[in-house]
Structures are given as C-alpha cells and as structure tokens.
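As structure tokens, the structure follows; a few thoughts come after it.
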Amino acid sequence: MIAIAIHGGAGTLRKSDMTDALEIEYKLGLERALEVGFNILKKGGRSIDAVESAVFELENYPLFNAGKGSVFNSEGKHEMDASIMEGKDLKAGAVSGVSNIKNPVLLARAVMEKTEHVLLSGEGAFQFAKQVGISIESDAYFYNEFRHQQWLEIKDSDAFKLDHSEKKFGTVGAVALSEDGNLAAATSTGGMTNKKFGRVGDSPIIGIGTYANNNTCAVSCTGHGELFIRSVVAYDISCLMEYKGLTLHEACNIVVYDKLVKIGGEGGLIAIDQGGNIEMPFNSEGMFRGAINTNGERTIMIYK
Ligand code: ASP
C-alpha cells in the first residue's frame, strides 16, 4: 500500500484573487512534485526518499515560499527552515535560519544521516553544507521581483507577513507511506515576509511543523508558525492517536478546527497514517494541496 500528500502553503487564497493562468501554474507545480514522489513509491522506494524528492521539486518551483521562492526577512535576506523525519525509528534532521542553500530539505536530510544532531542553524549549518557538498547559490538565485515588492511594502514597519497578501501562508511539505509500511514527513519554508532576522518558525521543529511515527502518523504543517509552536501541532495529532486512540481524521479535526482556532492559529496541514488514510485540513481560506491515495486517485486543490 502506498500513498502521498503534499502542500504548498495555506492562507487567504481566494479564487477572485487568482488568474486562471496563475492557478494553472500553481497546479502544475503541485502535480509535478506529486508525481516525482509517487514514482519513487511506485517503484518500491522508501517514503523518506519520496517526501524529500517532492519537497525538493517544490523548493525549485519559484511560486512556492521555500528554496528558490523564499520570502525576504527584515534585513532583505532569505533565511530558510526545513526538516525531515522517518517514522520507522524516529530519525530526524532539520536546519533553521539558513541562507544560500539551494535545497534546505537536502541539508536537513544530511543532518539526519551524517551527524549525531537533529537541528543545525545559521552559519554552522552553512559550513556543514559545504563539508557535505550541498549546493550553494548566490543571493541572485533567490531574488524574485514579486517577493521583493512584498517586502518593500512593509519593510519599514514592525509588520511581518505570512506569504502573499493578508494571511496567505507559504511553505511546502510532503508526507508519504511506502510499501514497506514506513511513514515519513518533510517540510521546507522561507518563513514570513519581513520576519525578524533570526526568527525561527514551526517548520524546522520536530514535533511541531513536522513529525513521523509509524505507530501513528506523519504530519507536515503550514500556517502562522508562532501559533503552531504554541500548539505543538504535529506531535499533538500523533499523541491524540497514540494515547487517546483517536483516528487520524478525529485527531486532525480537534487540532486544526478547535485547538488552533481558539488561539487564532491560522493554517493547515497534511497527514497520513499507516492505513494510507490522508487528511488535509485547514482553517484558512485555502491551502495548495495534492494527494495520491492508496487507490491511485489523484487530487489537486487550492480552495475549500
Ligand atoms: N509556518 C511557516 C512559518 O511560520 C510559514 C508558513 O507555513 O507559511 O515560518
């Protein structure tokens, strides 16, 4: 049994704000990432490789706020966060506040496999990337006129914005179940426009933006990071399943539509369990998302 789900961020996504052409482009990016991940699973590959490859594709697609498409922080720079986790043995790796790393998800994987640590940050993560031969790119690679404009509009204020207008979030992620029964999750983000230099969101924090445990589920989140951290989102879903015996569907509903809403935590997540059941709940207006379920049925959606 194999299945995969991906997301490209949640937020105030309205059909009225989107052109048909742009919608097609977003969907194309999602479809491509989904196929790349699914093909790995179809060939009997591991879920950890499927989620890494799907996120890698999304990081290279400039429309999503991760890797190449990352937003600008308060210093006009890009600081990215990413993490990856395997459900079999709870192995995990993450990086926070990294700049000039072409694909932060690859660096997170290297932290998991090539160090005794779970989370490396900033300059130390950068030095480690050079040691293990992870691709480095110049600032120009990450420059994007649209993102720069978003930042210029608010750079002299204390405001920090989730990706795009109003409350649109941006981050990418994937969760998968492979034939061997293993779950995995990965998440990558540029964070929030005009975020303070050094700010770390939920995405690189294991148990919050990303979590995978073969006994319960694999989860990747997107939304207002601070509120997701305070709600310990991904692990909370796993705990509700493990200790309370809830189904994935029940656990996701409680966390996304009740707990998060109560503290104003806007966003969503994708999750999968050992039976290949997929949940993609969000309490914002939309969430870029896609899935291929255990029957091979494909879904790509943006709005409610
Ligand atoms: N969760 C991310 C962060 O707070 C942003 C997002 O998902 O859009 O950094």
Side-chain angles (χ1 to χ4, degrees), residues 5-13 26 29-30 55 58-59 61-74 77-84 94-99 104-105 108 119 121-122 146-147 150-151 154 159-175 185-211 219-237 255-256 260 263-271 280-289 302:
I6 61 169
H7 71 77
T12 311
L13 300 166
Y26 271 114
L30 291 171
V55 168
L58 294 165
E59 285 178 339
Y61 204 75
L63 285 185
F64 299 111
N65 171 18
K68 183 161 176 55
S70 292
V71 296
F72 288 83
N73 71 4
S74 60
K77 300 234 153 51
H78 304 283
E79 281 187 304
M80 301 168 283
D81 298 332
S83 60
I84 190 162
V95 290
S96 70
V98 295
S99 299
V105 72
L119 174 58
S121 71
F146 170 67
R147 299 280 189 225
Q150 282 183 324
W151 174 61
I154 56 169
F160 57 86
K161 266 202 200 172
L162 295 146
D163 189 24
H164 316 280
S165 61
E166 297 172 67
K167 285 196 175 165
K168 178 159 180 272
F169 308 89
T171 279
V172 306
V175 295
T187 309
S188 180
T189 189
M192 308 203 282
T193 297
N194 210 35
K195 67 183 180 182
K196 278 205 187 334
F197 175 53
R199 177 264 188 187
V200 176
D202 60 311
S203 310
I205 309 195
I206 297 302
I208 302 195
T210 302
Y211 190 68
V219 181
S220 169
C221 299
T222 171
H224 194 156
E226 282 69 13
L227 285 301
F228 275 60
I229 292 174
R230 287 163 51 198
S231 302
V232 200
V233 171
Y235 187 59
D236 203 24
I237 290 174
V255 174
V256 176
L260 272 170
I263 61 164
E266 195 176 338
L269 55 88
I270 51 171
M280 302 194 277
F282 54 96
N283 60 36
S284 47
E285 286 196 44
M287 179 167 83
F288 293 108
R289 61 202 188 278
I302 302 177

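One-based numbering along the sequence shown. Here the structure is a predicted model, which is why all the values come from computation and not from measurement. Read the numbers this way: they start at 1 and go in the same order the structure lists the ligands and their atoms.
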(request) Consider every N or O of Asn65 and every N or O of ligand 1, then say whether any pair is closer than 3.5 Å. (result) no
(request) Decide whether an N or O pair under 3.5 Å exists between Thr171 and ligand 1. (result) yes
(message) Within the 3.5 Å criterion, strictly below it, is a donor on Thr210 or Ser220 matched to an acceptor on the partner's side chain?
(response) no
(request) Compute whether any side-chain donor of one residue and acceptor of the other, for Glu59 and Ser188, lie under 3.5 angstrom apart. (result) yes
(request) Give the atoms of ligand 1, by number and element, whose distance to some non-hydrogen atom of Thr222 is under 4.0 Å. (result) 6 (C), 7 (O), 8 (O)
(request) Please identify which atoms of ligand 1 are closer than 4.0 Å to at least one heavy atom of Asp202. (result) 1 (N), 2 (C), 3 (C), 4 (O)
(request) Could you pull out the closest heavy-atom pair between Phe197 and Ser74, with the gap in Å? (result) N-OG, 3.3 Å
(request) Tell me, please: is Arg199 in heavy-atom contact with ligand 1, that is, under 4.0 Å? (result) yes
(message) Given Gly223, Gly267, Gly225, identify the one with the heavy atom nearest to atom 5 (C) of ligand 1.
(response) Gly223
(message) Among Glu79, His78, Lys196, Arg199, exactly one meets side-chain hydrogen bond (donor to acceptor under 3.5 Å, both in side chains) together with Asn73. Which residue is that?
(response) Glu79
(message) To the closest 0.5 Å, what do you measure between CE (Met280) and CG (Leu269)?
(response) 11.0 Å
